[in-house]
Amino acid sequence: MRRTRVAAAVVTAFALVTGTAACGGGGSGADSDTIELWLMGDKAKAMDTVSTAFTAETGIKVKVQSIPWKNARDKMSTAIASGDGPDVVQVGHSFLAEFADAGALLDLSDKVAGTPELAAANFFPASAETMQVGGKVVSVPWIADTRVLFYRTDVLQEAGYPQAPATWDELKGTATKLAARGDGNYGIGLNTDDQFLPIILTWQAGGEVAQGDRATFDTAPFRRAVEFERSFFTAGLTPKKAQPDADMVQGFKTGKIPMFVSGPYMATLLGNQAPELAGKWAVAPMPKDRTGTSLMAGSNLAIFSESEKADESVQLMAYLSRKQTQEQWFQATNDLPARQDSLEALGSGGDANLAVYYRQMSDAKIVPQIKAWGAVAPEMVRLMQQVCVGDNQPESAITGFAAKAGELTGAG
Amino acid sequence: MRNLSRYRAALLFVGPSVVLLTVFVVAPILVAAVASLTDLDLRGLRDLSSVEFIGLDNYRRLFTDSLFGTAALNTVLYVVLGVPLIVVFAMGIALLLNFGTSRLYSGLRAAYFLPAITNIVAVAVVWGYLYNTDSGLLNYLLSIGGVEPVPWLDQPFVAKLSLILVGVWKGAGFNMIIFLAALQGIPKDYYEAAELDGAGAWHKLTKITIPLLRYATFFVTVTTTIAWIQFFEEPFVMTDGGPLDGTISVALFIYQNGFNLSDFGYASAASVLLFLSVLLVTAVQFRLRRADVEY
């Protein structure tokens, strides 16, 4: 309700435009042996421990700056416009294509070739796919994330299901029986705000969501996916409203929402906010249709194109990609390693959840790396809201959405 | 030159704010106007040569974008409901608080002003709890009275009203202070004269107080209208425009296109339209005011 926001937006635009002409050099540049690292979220403290060991080994100092996820894009836009950014930056998968297209990420093709720690073969195949944009290597996988099924083992047991549902039919059946408990209880918590679930379901139904640079949603598998997700809403198996994570934790705690689909970060959240549930819940791989494919998400490390310390930055990236460092980082932050052997080793340590993540990540795909995908995501959420909680007919809504998504991606 | 030295003192006082205004208000508006004619995006920020002039394409796109239409309609509703509510509430509270000067009254004054200086994110979190359909306080209170739960933020139209409620709660306090100041500027003689003529409380209110609050009312109306046309923070932090685009405002539309999608040209075009509509509405308000009686 303030004019300041809009004014600020305009001022930023102005600063961006004038800034391009004014600025030349990159990096913070003050210390010749210090590289600047931008991390998303609140991980600076954890990184200080890791980087101390790195400095001891190489003599290169690391200055870490934490950027809240919400500001990630603004910060990078400003850095791109002014040319004044960090040396190494953590980039979420969904930003890679656009930042690379803007020329913000240094071409690492040669450097990666000469650094065994950064070889594509180290990482989950789906993560490794994100390394290249337009034929050039511009980033290296660092943290991996996926989607799995969370469920209350005790509640399902009581309803007669000793095991997690393994297929779409079983999922539907289990959810129906759980919702039949009545009294405000649901079968599962699905979220129309989750832009990834319809894509995951499409993959499972045997489809793809893009061809080359163009989004393709007018397909039978996508229709099947939307119809499947929608059926949970129309049958009253899932709450008909957007559920923030806090509500999901609450519903899981009380047993009202005994299943949901989410990422490993929810396991951390449950551990912190519902410790009394320990032992009463577990994760399982996504139930299958034709396949059990899930999403591979996460973030990569890249070097800002204006950095003057590319070689030192590669050394840091190599250090962070070592098997041992990746495991250490997981211990400190619960971020899952993108390195296969690291997660495998962690999974064999007895934590059943980690083993499930490992299994699921071996059968996961990435969202198409298309520059305009950022514009498709809100349209996807809009579609799911329309057909799941609104009154729109899926047939025509999907046709409209597919046309729009094709248009948004086709032009770019 | 002689003229210049004559006005030196004036220039000295006005100069800084003119410079600031030019750099931080006028120039950005001009830049936005130019950007609105281009396809400026993230790549364009780095490499200006890749930016192309596309004429009025962005504006054409806006007029065919159904989401922009929704945002514009929502914004109209925000203004139409929000402005009168704020004026009535702020004036009402001010009139009531003007009755006394005891400690209770100054305490209440502070209480009503508090929302205006409270951080919007904190506000959003707390109101989010109050509004929660399943476990929120508001629905709990309603359930005691046997009322069905209200989907405060889960149904597009109700969510709009819920956000307006937060906006009014947050905006009324500041405007109340303006009304209070104006109330204290009304000479007591008028009321005494009216009493001699036998006027009751109602007549004093409608014939003296409210007409003499004209300046304050005008000021509050104009500033509040501008604020509501640019309604942004509440939907941004509480609903992100949802559900089903029910709460998206034009300012939020601009933010989403500019900062989430890096479509700077398109966002600039929308912001130019928003700027022009603020200009137009304010001009109309000043125009109507000119026809007013002077006291």
Side-chain angles (χ1 to χ4, degrees), chain A residues 1-21 71 73-74 76-83 95 98-99 101-104 184 192-193 239-242 244 246-247 250-251 256 305-306 371-372 374-375 377-379 381-382 385-386 389-390 392 408 412, chain B residues 23-25 27-32 34-35 40-48 67 78 82 120 128 132-135 151 153-156 167 170-171 226-228 230-234 236 239-245 251 254-256 258-264 267-268 271 274-275 278:
Chain A
M1 227 191 84
R2 284 270 154 78
R3 75 195 315 174
T4 41
R5 268 292 173 172
V6 176
V10 178
V11 170
T12 317
F14 177 70
L16 295 179
V17 172
T18 50
T20 333
N71 300 351
R73 206 188 178 87
D74 294 5
M76 268 311 271
S77 308
T78 318
I80 290 169
S82 64
F95 296 156
E98 203 187 348
F99 289 169
D101 173 79
T192 52
D193 286 358
K240 270 199 172 190
K241 63 190 190 81
D247 286 10
Q250 190 59 31
K256 279 190 174 179
S305 54
E306 311 278 337
K371 179 190 160 196
E379 293 299 332
V381 170
R382 204 159 276 140
Q385 286 184 352
Q386 281 169 357
V389 297
N392 293 43
L408 284 170
Chain B
V23 172
F24 290 110
V25 179
I29 290 173
L30 293 178
V31 171
V34 174
L40 184 67
D41 62 2
L42 207 52
R43 189 210 307 222
L45 290 181
R46 230 180 99 75
D47 176 16
L48 275 179
L67 183 60
Y78 287 139
I120 179 69
N132 190 304
T133 309
D134 300 322
S135 54
L153 294 174
D154 303 327
Q155 198 272 333
K170 197 164 158 48
I226 293 175
W228 280 95
Q230 300 183 345
F231 194 58
F232 174 80
E233 289 173 339
E234 283 81 356
F236 177 63
T239 60
D240 204 17
L244 291 168
D245 302 321
I254 293 169
Y255 177 87
Q256 288 181 345
F259 289 102
N260 294 347
L261 305 179
S262 299
D263 203 344
F264 302 120
S268 298
S271 70
L274 187 68
F275 170 72
V278 170

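To find a chain, count down the sequence lines: A is the first, B the second, and so on, and within it residues start at 1. For the numbers below, each heavy atom of this structure counts, side chains included, while hydrogens, waters and symmetry mates do not.
Of the two parts of A:Asp247, only the side chain, counted from C-beta on, holds a non-hydrogen atom closer than 4.5 Å to a non-hydrogen atom of chain B. Contact of A:Ser305 with chain B is made through the side chain alone, with heavy-atom distances under 4.5 Å. In this structure, chain A has a heavy atom under 4.5 Å from the side chain of B:Asp41, while its backbone stays farther away. Contacts between B:Asp240 and chain A at a heavy-atom distance below 4.5 Å are absent for every atom of the residue. Contacts between B:Leu67 and chain A at a heavy-atom distance below 4.5 Å involve the side chain alone, from C-beta outward.
With chain A as the partner, the residue from B:Ala35, B:Pro243, B:Gly258, B:Ser262 showing the most heavy-atom pairs under 4.5 Å is B:Ser262. Interface summary for chain A: among B:Leu261, B:Val34, B:Asp263, B:Leu30, the most heavy-atom pairs under 4.5 angstrom belong to B:Leu261.
Looking only at side-chain heavy atoms (C-beta outward), A:Gln386 and B:Leu244 come within less than 4.5 Å of each other. The shortest distance between side-chain heavy atoms of A:Met76 and A:Phe99 falls below 4.5 Å.
Ring geometry for B:Phe236 versus B:Phe232: interplanar angle under 30°, hence parallel rather than tilted (30 to 60°).
Between B:Ser268 and B:Ser271 the shortest heavy-atom distance is O-OG, 2.8 Å. Considering every non-hydrogen atom in both B:Asp245 and A:Gln385, the closest pair reads N-OE1, 4.4 Å.
In this structure, the side chain of B:Arg43 does not engage the main chain of A:Gly103 through any donor-acceptor pair within 3.5 Å.
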